[in-house]
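Starting off with a structure, shown below.
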Amino acid sequence: MEHTRRNKIVDVLKSKEFGKEVVVKGWVRTKRGNKSVIFISMNDGSAIHNIQVVADATGFDEDLLKQINTGACIAVTGTLVESVGQGQSVEVQAKQIEVYGIADPLVFPLQKKGHSLEFLREIAHLRPRTNTFGAVLRIRHAMAFAIHKYFNDQGFFYIHAPIITGSDAEGAGAMFRVTTLDDKNPPLLPDGHVDYAQDFFGKETKLTVSGQLEAELAAMALSLVYTFGPTFRAENSNTPRHLAEFWMIEPEMAFYDIGDNMDLAENFLKYLIQYALDNCIDDLEFLNKMYDNELINRLREVIGDKFERLTYTEAVDILVASGQQWEFPVSWGTDLQSEHERYLVEKHFGKPVILTGYPKEIKAFYMKQNEDGKTVRAMDVLFPKIGEIIGGSQREENLEALLRRIHEMNIPEKDVWWYLDTRRFGTVPHAGFGLGFERLILFVTGMSNIRDVIPFPRTPKNAEF
RNA sequence: UCCUCCUUAGCUCAGUUGGUUAGAGCAUCUGACUGUUAAUCAGAGGGUCGCUAGUUCAAGUCUAGCAGGGGGAGCCA
């Protein structure tokens, strides 16, 4: 019973009850001192800050003190006292120390000195014990919680879209196959292709690339819904902004048009950033100091400004008139490149931008066509440093128009019969968008590589841990 | 996938026009020190220079291939 009692370090650091007995448990960050007095900094993940434990060296067994190295897990029972030293206001005067687990300093890879983020990726199983990943993981948690809170408060319902899908029509990228067939000797059809009728599901199945289509089905009953789950892309993308496995938030709203959709996206993002500032300021200040001196300023600026809204056509005009030399030339009908998006967000407007009215040729089949016959009601939210953080659209609710696009893009009708049914029975104008969770975390933490904002990144050639 | 750069001690990095026994800081170990703040001071140990082949009297250094990683680009969230 004694062993289960514990005071969280985050609470002890705030406490003013000097003289009271406390029990702190956690992992040793540093130990320093001399023959007579030992200082141990320990952290239990409850906060970025460590608690300092002071131990009278003569009062403890020498072998016990030798086991207290960086990385060891210990429990300390002691008295909360006002600190004599400069670096902290409270500390624990140790009466009893128990070592739960040693960390042999000859082989334990983490040191009290800083490590490169690249090195830490190779020891992703231990990197949560660093200040940086502790901060990132706490912020990641806070953002996941805030997402659910926001939508719950707004009357949205959380829908669990399937991870395994038989639908191949989402068009969002290459997919991973899911199969239980014998990889050395799969059943074959007479034409030499694999006979998926004999597979687990009786058909070919993949990991989902998006929960959007399923979210649309739910929105046609519950009006306001969202998904929040893992999605998978088998693209050979090697960039600091892409993962093969990432989490996506996809709200879908019946009775919303593209304007309502933009309003929601802007309000939602600002809420999340404000939530981080209100609830994670210690972690943000650490990241601001160590990685990105502009981080907190940038978060405040994004909240303070109204996002700039303009059409693709207006954006192309601005880019053409800018006189900039582009690596990829700009003209109406081509997709905007990173350099163009960066120019609009970081140079021309100096704040987040929402672009709408893209040419239909460069967007997905389900997007609502405008009356001009050339553009669709798509919207991309572009953020400084990140680029596209949200992609969304008003959906095509008209059955004939949707069928026309499906045929133009050679999507087999039989693959999406269930989706088309929603346009046959009680169709309604509706809209939605997708927010890449890790891109949000990149923006909020100021980290620059997406592999450092997810516990175990999945990228081409890397599925360790 | 394309372009480009990188790979030297446990970590972070130096290493000159190719030339004896490959260096530093931190970490580790030993010792000193009665309040430290990534403690400090003194000493010690620690390296198949990513792998393979080649050029050369001589390769950490030059060349090629391969592997891993970073940055940029494309695909997108």
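Naming convention: chains lettered A, B, ... in sequence-line order (proteins, then strands); numbering from 1 in each chain.
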- Residues from residues 322-340 of chain A sitting under 4.0 Å of RNA chain B, heavy atoms only?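 Contacting residues: A:Phe328, A:Gln337, A:Ser338.
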- Below 3.5 Å, does any donor atom in the side chain of A:Gln88 face an acceptor in the base of B:U36, or the other way round?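 Counting by modelled atom types and ignoring angles, a donor-acceptor contact under 3.5 Å is found here.
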- Query: Does B:G70 have OP1 or OP2 sitting under 4.0 Å from an N or O in the side chain of A:Arg451?
  - Reply: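 Yes, because at least one side-chain N or O of A:Arg451 sits under 4.0 Å from OP1 or OP2 of B:G70.
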- Task: Not counting sequence neighbours, list each pair that qualifies as a salt bridge (charged side-chain N to carboxylate O under 4.0 Å, His left out) and has a residue in residues 260-269 of chain A.
- Result: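 The answer is A:Asp263-A:Arg309, A:Glu266-A:Lys270, A:Glu266-A:Lys306, A:Glu266-A:Arg309.
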- Message: Side chain of A:Val37, heavy atoms from C-beta onward: which of B:A77, B:G69, B:G35 has the nearest atom to it?
- Response: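 The answer is B:G35, which lies nearest to the side chain.
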- Item | Side-chain donor or acceptor of A:Asn7 paired with backbone N/O of A:Val23 under 3.5 Å |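 Yes; judged by distance alone, with no hydrogens or angles, the pair exists.
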- Message: According to ring pair (Phe, Tyr, Trp, His ring centres under 6.0 Å), who are the partners of A:Phe383, at least two apart in sequence or on a separate chain?
- Response: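 Per chain and number, A:Phe383 pairs via ring pair (Phe, Tyr, Trp, His ring centres under 6.0 Å) with A:Phe307, A:Phe443.
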- From A:Leu310 atom CG to A:Thr356 atom OG1, the distance as rounded to the nearest 0.5 Å: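 Separation between the atoms: 7.0 Å.
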- Query: Got a second to check how far A:Arg458's CZ is from A:Arg451's CZ, nearest 0.5 Å?
  - Reply: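 Separation between the atoms: 13.0 Å.
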- Query: So, do A:Tyr419 and A:Tyr366 have ring centers that fall under 6.0 Å from each other?
  - Reply: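 Between A:Tyr419 and A:Tyr366, the centre distance exceeds or equals 6.0 Å.
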- Item | NZ/NE/NH1/NH2 to OD/OE distance under 4.0 Å, A:Glu252 and A:Arg395 |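 Salt bridge between A:Glu252 and A:Arg395, a charged N being under 4.0 Å from a carboxylate O: yes.
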- Item | Whole-Å gap separating C1' (B:A77) and CD1 (A:Ile450) |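 Answer to the nearest Å: 8 Å.
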- Query: Relative to the 5' end of RNA chain B, which residue comes earlier, A:Gly87 or A:Ile362, by the nucleotide with the nearest heavy atom?
  - Reply: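 Whichever sits nearer the 5' end wins; that is A:Gly87.
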- Message: Given B:U36, B:C76, B:U12, identify the nucleotide with an atom nearest to the side chain of A:Arg233.
- Response: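 Shortest atom-to-atom distance from the side chain points to B:C76.
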- Message: Can you pull out the residues from residues 261-270 of chain A that lie within a 4.0 Å heavy-atom distance of RNA chain B?
- Response: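 Residues of residues 261-270 of chain A that come under 4.0 Å of RNA chain B do not exist, since none gets that close.
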- Query: When the distance from CE of A:Met447 to P of B:G71 is rounded to whole Å, what number comes out?
  - Reply: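 Interatomic distance, CE of A:Met447 to P of B:G71: 11 Å.
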- Message: Applying a 4.0 Å non-hydrogen cut-off, can you work out what A:Ile390 is touching in the nucleic acid: base, sugar-phosphate, or nothing?
- Response: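 Sugar-phosphate: the residue A:Ile390, judged by heavy atoms under 4.0 Å, touches backbone atoms but no base.
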- Query: Checking all strands, does A:Lys66 fall into the base, sugar-phosphate, or nothing category for heavy-atom contacts under 4.0 angstrom?
  - Reply: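 Sugar-phosphate: the residue A:Lys66, judged by heavy atoms under 4.0 Å, touches backbone atoms but no base.
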- Query: Expressed in angstrom and rounded to an integer, what is the separation of A:Glu118 atom CD from B:G71 atom P?
  - Reply: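 My rounded result for the distance is 7 Å.
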- Nearest-angstrom distance from the residue atom CD of A:Glu438 to C1' of B:C76: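 After rounding, the reported distance stands at 14 Å.
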- Phosphate-side-chain proximity, A:Asn34 and B:G35, N/O vs OP1/OP2 below 4.0 Å: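 Affirmative; the distance criterion is met.
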- Query: Reckon A:Arg32 has a side-chain N or O less than 4.0 Å from the OP1 or OP2 of B:U34?
  - Reply: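 Indeed not, no polar side-chain atom of A:Arg32 lies that close.
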- Can you name the side chain to side chain contact (heavy atoms under 4.5 Å, CB included) partners of A:Ala135, sequence neighbours left out?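 For A:Ala135 the side chain to side chain contact (heavy atoms under 4.5 Å, CB included) partners, ignoring immediate neighbours, are A:Ile48, A:Arg138, A:Asp283, A:Phe286, A:Leu287.
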- Could you name each residue pair satisfying side chain to side chain donor-acceptor pair (under 3.5 Å) that touches residues 327-343 of chain A, not counting sequence neighbours?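 Sorted pair list: A:Thr313-A:Trp332.
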- Between atom CD1 in A:Ile51 and atom P in B:U36, what is the gap in whole Å?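 Whole-Å distance recorded here is 18 Å.
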- Query: Just checking A:Arg121: base, sugar-phosphate only, or nothing, at a heavy-atom cut-off of under 4.0 Å?
  - Reply: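 Sugar-phosphate, backbone atoms only, no base.
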- Message: Going by side chain to side chain donor-acceptor pair (under 3.5 Å), name the pairs with one or both residues in residues 60-71 of chain A, residues two or more places apart or in two chains.
- Response: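 Checked against side chain to side chain donor-acceptor pair (under 3.5 Å) - neighbours excluded - no pair reaches residues 60-71 of chain A.
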- Would a distance-only check, ignoring hydrogens and angles, find a side-chain to backbone donor-acceptor pair under 3.5 Å from A:Arg439 to A:Ile386?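 A pair under 3.5 Å: no.
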- Query: A:Gly33 near the nucleic acid: base, sugar-phosphate alone, or nothing, with a heavy-atom cut-off under 4.0 Å?
  - Reply: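 Base: the residue A:Gly33, judged by heavy atoms under 4.0 Å, touches a nucleobase.
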- Message: Is the phosphate of B:C33 approached by A:Lys35 (side-chain N or O, under 4.0 Å from OP1 or OP2)?
- Response: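 So the side-chain polar atoms of A:Lys35 do come within 4.0 Å of the phosphate oxygens OP1 or OP2 of B:C33, strictly under.
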- Query: Does A:Ile102 CD1 have over 12 foreign heavy atoms under 6.0 Å away?
  - Reply: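 No, the 6.0 Å shell around CD1 holds no more than 12 heavy atoms from other groups.
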- Would you say A:Glu346's side chain and A:Lys385's backbone share a donor-acceptor pair under 3.5 angstrom?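 Indeed, once roles are kept as given, a pair shorter than 3.5 Å links the two residues.
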- Whole-Å gap separating P (B:A38) and NE2 (A:His115):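 Whole-Å distance recorded here is 15 Å.
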- For A:Phe39 and B:A38, what is the distance between atoms CZ and C1' respectively, to the nearest whole Å?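 Rounding to the nearest Å, CZ of A:Phe39 and C1' of B:A38 are 15 Å apart.
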- How would you label the contact of A:Thr231 with the nucleic acid (heavy atoms, under 4.0 Å): base, sugar-phosphate, or nothing?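 No contact at all - A:Thr231 keeps every heavy atom at 4.0 Å or more from the nucleic acid.
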- Item | Over 12 non-hydrogen atoms of neighbours within 6.0 angstrom of CE in A:Met409 |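 Above 12, so yes.
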- Task: Please work out if A:Phe119 contacts a base, only the sugar-phosphate, or nothing of the nucleic acid, heavy-atom cut-off 4.0 Å.
- Result: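 Sugar-phosphate, backbone atoms only, no base.
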- Counting only heavy atoms not in A:Lys20, do more than 12 sit closer than 6.0 Å to its NZ atom?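 Not buried by this count: 12 neighbours or fewer within 6.0 Å.
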- Message: Contact list please: residues 236-250 of chain A against RNA chain B, heavy atoms, distance less than 4.0 Å, in numerical order.
- Response: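 Residues of residues 236-250 of chain A that come under 4.0 Å of RNA chain B are, in numerical order, A:Asn236, A:Ser237, A:Asn238, A:Thr239, A:Pro240, A:Arg241, A:His242, A:Leu243, A:Phe246, A:Met248.
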- Set of residues satisfying side chain to side chain contact (heavy atoms under 4.5 Å, CB included) with respect to A:Glu122, sequence neighbours excluded: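 With neighbours one apart ignored, the set is A:Phe119.
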- Message: Can you measure A:Gln93 atom CD to B:U36 atom P for me and round it to whole angstrom units?
- Response: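 A:Gln93 atom CD is separated from B:U36 atom P by 15 Å.
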- Message: What does the B/S/- profile of nucleotides 23-29 of chain B look like, 5' to 3', with a 4.0 Å heavy-atom cutoff to protein?
- Response: ---SSSS
- Task: Using Watson-Crick or G-U wobble pairs with both distances under 3.5 Å, give me RNA chain B in dot-bracket, 5' to 3', with [ ] for crossers and | for pairs to another strand.
- Result: (((((((..((((.....[...)))).(((((.......))))).....(((((..]....))))))))))))....
- Using a cut-off of strictly less than 4.0 Å, decide whether A:Ser116 has a side-chain nitrogen or oxygen near OP1 or OP2 of B:U12.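 Yes, because at least one side-chain N or O of A:Ser116 sits under 4.0 Å from OP1 or OP2 of B:U12.
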Under 3.5 Å, N/O pairs linking protein and nucleotides 41-47 of chain B:
none

- Item | A:Gly391 backbone acceptor or donor facing A:Asp380 side chain under 3.5 Å |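 Pair absent, no side-chain N/O of A:Asp380 close to backbone of A:Gly391.
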- Message: Under a 4.0 Å threshold between the charged nitrogen and the carboxylate oxygen, would A:Arg121 count as salt-bridged to A:Asp452?
- Response: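 Looking at A:Arg121 together with A:Asp452, the answer is yes, because their closest N to O distance falls below 4.0 Å.
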- Query: Salt bridge between A:Glu396 and A:Arg405, side-chain N to carboxylate O under 4.0 Å?
  - Reply: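 Salt bridge: no.
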- Query: ring pair (Phe, Tyr, Trp, His ring centres under 6.0 Å) with A:Tyr226: which of A:Tyr158, A:Phe268, A:Phe433?
  - Reply: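 Exactly one candidate clears the test, A:Tyr158.
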- Query: Just checking A:Gln52: base, sugar-phosphate only, or nothing, at a heavy-atom cut-off of under 4.0 Å?
  - Reply: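 Answer is base: heavy atoms of A:Gln52 come under 4.0 Å of a base.
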- Give the nucleotide from the list B:A77, B:G35, B:A73 with an atom nearest to the side chain of A:Arg342.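 Given the options B:A77, B:G35, B:A73, the side chain of A:Arg342 is closest to B:A73.
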- Query: Say you draw a straight line from CG of A:Asn43 to CD1 of A:Ile51; how long is it, rounded to the nearest 0.5 Å?
  - Reply: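 Taking CG in A:Asn43 and CD1 in A:Ile51, the distance rounds to 10.5 Å.
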